Chemist: 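Structure incoming, see below.
The figures that follow rest on heavy atoms only: side chains count, while hydrogens, waters and symmetry mates do not. This structure is a prediction, so every number in the text was calculated from the model and none was measured. Just so we're on the same page: letters track the sequence lines, and every chain starts at 1.
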There are 2 protein chains.
Amino acid sequence: MSGVMFSSSKKLGIVGGGQLGKMLLHTTQQWDIYTKVLDSDAEAPCKIGSNEFVHGSLQDFDTVYNFGKDCDVVTIEIEHVNVRALMKLEEQGVVVHPKPSSLAIIQDKGEQKMFFTANELPTADFSMFSNKEEVVSAITEKLIRFPFVQKTCKAGYDGKGVAILQHETDLHKLLDGACIVEDKIELHQEISVIGARNAHGEIVIYDAVAMDFHAETNMLDILICPVQISEDLLQQARQITTTLLQKLNISGLLAVEFLIDKNRKLYVNEVAPRAHNSGHQTIESSVTSQYEQHIRGVLNMPLGATDLIAPSVMVNLLGHPDYEGPVRYEGIEACLAQKGVHLHIYGKKTTKPFRKMGHATITHESIEEAKKIAIWVKQTLLIKSQR
Amino acid sequence: MSGVMFSSSKKLGIVGGGQLGKMLLHTTQQWDIYTKVLDSDAEAPCKIGSNEFVHGSLQDFDTVYNFGKDCDVVTIEIEHVNVRALMKLEEQGVVVHPKPSSLAIIQDKGEQKMFFTANELPTADFSMFSNKEEVVSAITEKLIRFPFVQKTCKAGYDGKGVAILQHETDLHKLLDGACIVEDKIELHQEISVIGARNAHGEIVIYDAVAMDFHAETNMLDILICPVQISEDLLQQARQITTTLLQKLNISGLLAVEFLIDKNRKLYVNEVAPRAHNSGHQTIESSVTSQYEQHIRGVLNMPLGATDLIAPSVMVNLLGHPDYEGPVRYEGIEACLAQKGVHLHIYGKKTTKPFRKMGHATITHESIEEAKKIAIWVKQTLLIKSQR
């Protein structure tokens, strides 16, 4: 498959044209691979850098099917796409990665959890419910104990679709719809491991990344690579990631989020079969970025080395909570003057409170210094709206 | 200037849309800077990745002037552009870097040489002639001795516009038009130093790069960084580059090519006020790529660190001598399987003998190993045409 993608009119379709897609387009431009991108925002980040850009709904069967019909390979940059359309494309000979059948499992958090347990992978104990009322009944019958985590089965990402209930008084937080309820893990650390596979079965695994909390704000948006945990836990995490890559028959990337509890026990939290927020820093800190790796994987090319070039800390640059509208950045020059700060501005036209508008990766030989600079960047680079 | 380039409709114009422009667009996309690119090829590499692409002649006054009128800042990716149009744009308030007055000097090899001597910079002795006949007379009168190098004043690059005459029997090689004739330096080594400056006067200098000849083919297309020469010579080269950045009032990059003779004496050969072939490897081997650095410089942003991340060797990937037409690549997969090989395919639609179609940078802790891999890449990745 890969040889023919170069120097030809063969097309790689990418369903979703946000920042993850934009960073995939860096590799397709570098290698001159022809791309066609679909996004629901006519001014999405991938409008620049793709060969063809199509404006349309990712959830609509006809839109996704018609988009993919003339592509040779189709991949995704977000899970919440019409999987039936991908299945039909696959039936008709388009190469689709991740496999639509695997994507269907991952799209539904209940199915995902059942897949983990069916494959004997450690994950927090859970129950499944059709709606909020069933959860309330289960609480009444003491089948569920506080504290617990409720996750809706569909369409949850970036913390949406998740409710944490500590006590009876939190019942108003319960979300509607089919859901799972999980034991709340007493968290020691949250880590992410990204692996990649190609259709030949070749597998590579990146260094694990730690998600660190800011002491004052408790905000979960500083990622640190490499993570400082025992080699035994790392080995478990790599092994689970390898198993998932194989069992889900992945070509391209699979990001696996893990929870580690106070007893240093590892649990799979959830997976994403695509480029992932926790892999941004591979652009500067790894020999092969996750984006290049995904392109290699979906096109069944040899995978790239994942060696760490430099320790790094990554921060998401979020829209200021008090501003909404056409975006305006403050403090960019100060950040560019700071050695080791690599800025990525996604090019979204409008900001909203906490919207992911960019990220910064700080490479530094000392992780502690990199953390300090990362926190300084967050405080310095402010994303507001015009007037 | 720089602050306003982010999150606004301000435009950066780039005159020239080839591979150097394409690599500049990587940074403008990463930072969401709005770009408009002019190229004479409707399918130039910069067609993808720019916000606006204009098809037209770089030498035509009206085309360049009209192109730049609605830009806030204009820069170049090739010297051979209409400099009068750039002067008029500057008069009318468009920020143009490099300065058109400096570009006028650099565009003419005679003026460039006189500029070096006027600033007491070491360069090979030379004489200037209006045409070929004057050169022949000077030979007859023994004012010029063999061997010598003839360079036409205008429009020479990539070895074009240069003739090396060893003996009387080489007279047929003489080129037409205004030219300079230079003493032929007995070459020990050829090196390139790239520096950058911004309008605040901040200056950074990259590690010097050596241009190495292939033992068998004598082809001049393996570049090695860092170069292994004495600290004294390096210091001289850095000092001369700094002087040139200042005297030419550069914002952005200046690439300076030096010759080192058998007696280890350094001569300035020529300069280019733009991203340069000898800086490709900074993408992977330096903290800040030359492309990002040029954008920082022309927008008067703080300059980036130039620290070396890894030793590297760069090879140009040239069109196979026996093929011309729609391009087809062979051996890409084998190269992608080799650790440390970073491929850049420029996306030119047609290949010609020796046309620059891409490049590969090999990063490796051992320069000797990197050289071996580079030579293997040149032998493995073949650029042919379709049937």
Side-chain angles (χ1 to χ4, degrees), chain A residues 2-3 5-8 22-23 25-26 28-35 45 47-51 283-284 287-288 292 296 300-305 307 309-310 326-349 351 358 363 383-386, chain B residues 2-3 5-8 22-23 25-26 28-35 45 47-51 283-284 287-288 292 296 300-305 307 309-310 326-349 351 358 363 383-386:
Chain A
S2 64
M5 294 303 290
F6 294 94
S7 56
S8 74
K22 179 180 172 180
M23 291 184 270
L25 294 183
H26 172 52
T28 59
Q29 288 176 86
Q30 181 176 328
W31 290 346
D32 193 38
I33 289 169
Y34 190 101
T35 51
K47 193 178 176 187
I48 307 298
S50 53
N51 297 69
I283 295 173
E284 289 89 6
V287 171
T288 308
E292 177 178 328
R296 286 173 179 257
N300 198 18
M301 291 197 255
L303 299 181
D307 306 44
I309 294 172
V327 67
R328 180 172 63 84
Y329 303 92
E330 284 181 15
I332 281 192
E333 278 198 59
C335 293
L336 287 175
Q338 178 69 47
K339 189 173 161 183
V341 173
H342 304 273
L343 284 187
H344 296 258
I345 306 292
Y346 299 150
K348 296 176 184 176
K349 305 295 175 201
T351 185
T363 50
I383 302 176
K384 301 183 177 176
S385 58
Q386 294 165 33
Chain B
S2 64
M5 294 303 290
F6 294 94
S7 58
S8 73
K22 180 180 172 178
M23 292 184 269
L25 295 182
H26 172 52
T28 59
Q29 289 175 85
Q30 181 176 326
W31 290 347
D32 193 39
I33 290 168
Y34 190 100
T35 51
K47 193 179 176 185
I48 307 299
S50 52
N51 298 68
I283 295 173
E284 290 90 6
V287 171
T288 308
E292 178 180 326
R296 287 173 178 256
N300 199 18
M301 291 196 254
L303 299 181
D307 307 43
I309 294 171
V327 67
R328 179 171 62 82
Y329 303 92
E330 284 180 16
I332 280 191
E333 278 198 58
C335 293
L336 288 175
Q338 179 69 47
K339 188 173 163 183
V341 173
H342 304 273
L343 283 186
H344 297 259
I345 305 292
Y346 299 150
K348 296 175 185 176
K349 304 294 174 202
T351 184
T363 50
I383 302 177
K384 301 182 177 176
S385 57
Q386 293 164 32

Chemist: Who wins among A/Leu303, A/Thr35, A/Asp307 for the most heavy-atom pairs under 4.5 Å with chain B?
Modeler: A/Asp307
Chemist: Between B/His344 and chain A, with a heavy-atom cut-off of 4.5 Å, which part of the residue counts as in contact: side chain, backbone, both or neither?
Modeler: both
Chemist: If we ignore hydrogens and angles and just use 3.5 Å, is the side chain of A/Gln30 paired with the main-chain N or O of B/Leu343 as donor and acceptor?
Modeler: yes
Chemist: What is the distance from atom CG of A/Leu25 to atom NE2 of B/His26, rounded to the nearest 0.5 Å?
Modeler: 12.0 Å
Chemist: Determine yes or no for a side-chain-to-main-chain donor-acceptor pair under 3.5 angstrom, with B/Lys339 supplying the side chain and A/Val287 the backbone.
Modeler: no
Chemist: Minimum heavy-atom separation for A/Leu336 to B/Met301, with atom names?
Modeler: CD1-SD, 3.2 Å
Chemist: Could you measure the distance from the CD atom of B/Glu333 to the CZ atom of A/Arg296? Nearest 0.5 Å is fine.
Modeler: 10.0 Å
Chemist: B/Ile309, B/Ile48, B/Ile383: which one forms the most heavy-atom pairs within less than 4.5 Å of chain A?
Modeler: B/Ile48
Chemist: At a heavy-atom separation under 4.5 Å, does A/Lys47 approach chain B through its side chain, its backbone, both, or neither?
Modeler: neither
Chemist: Under 4.5 Å heavy-atom distance to chain B, tell me which part of A/Ala337 shows up: side chain, backbone, both or neither.
Modeler: both
Chemist: Identify which part of B/Ser50 has an atom lying under 4.5 Å from any heavy atom of chain A, answering side chain, backbone, both or neither.
Modeler: backbone
Chemist: Heavy-atom pairs under 4.5 Å with chain B - which of A/Gly347, A/Gly358, A/Ala334 has more of them than the others?
Modeler: A/Gly347
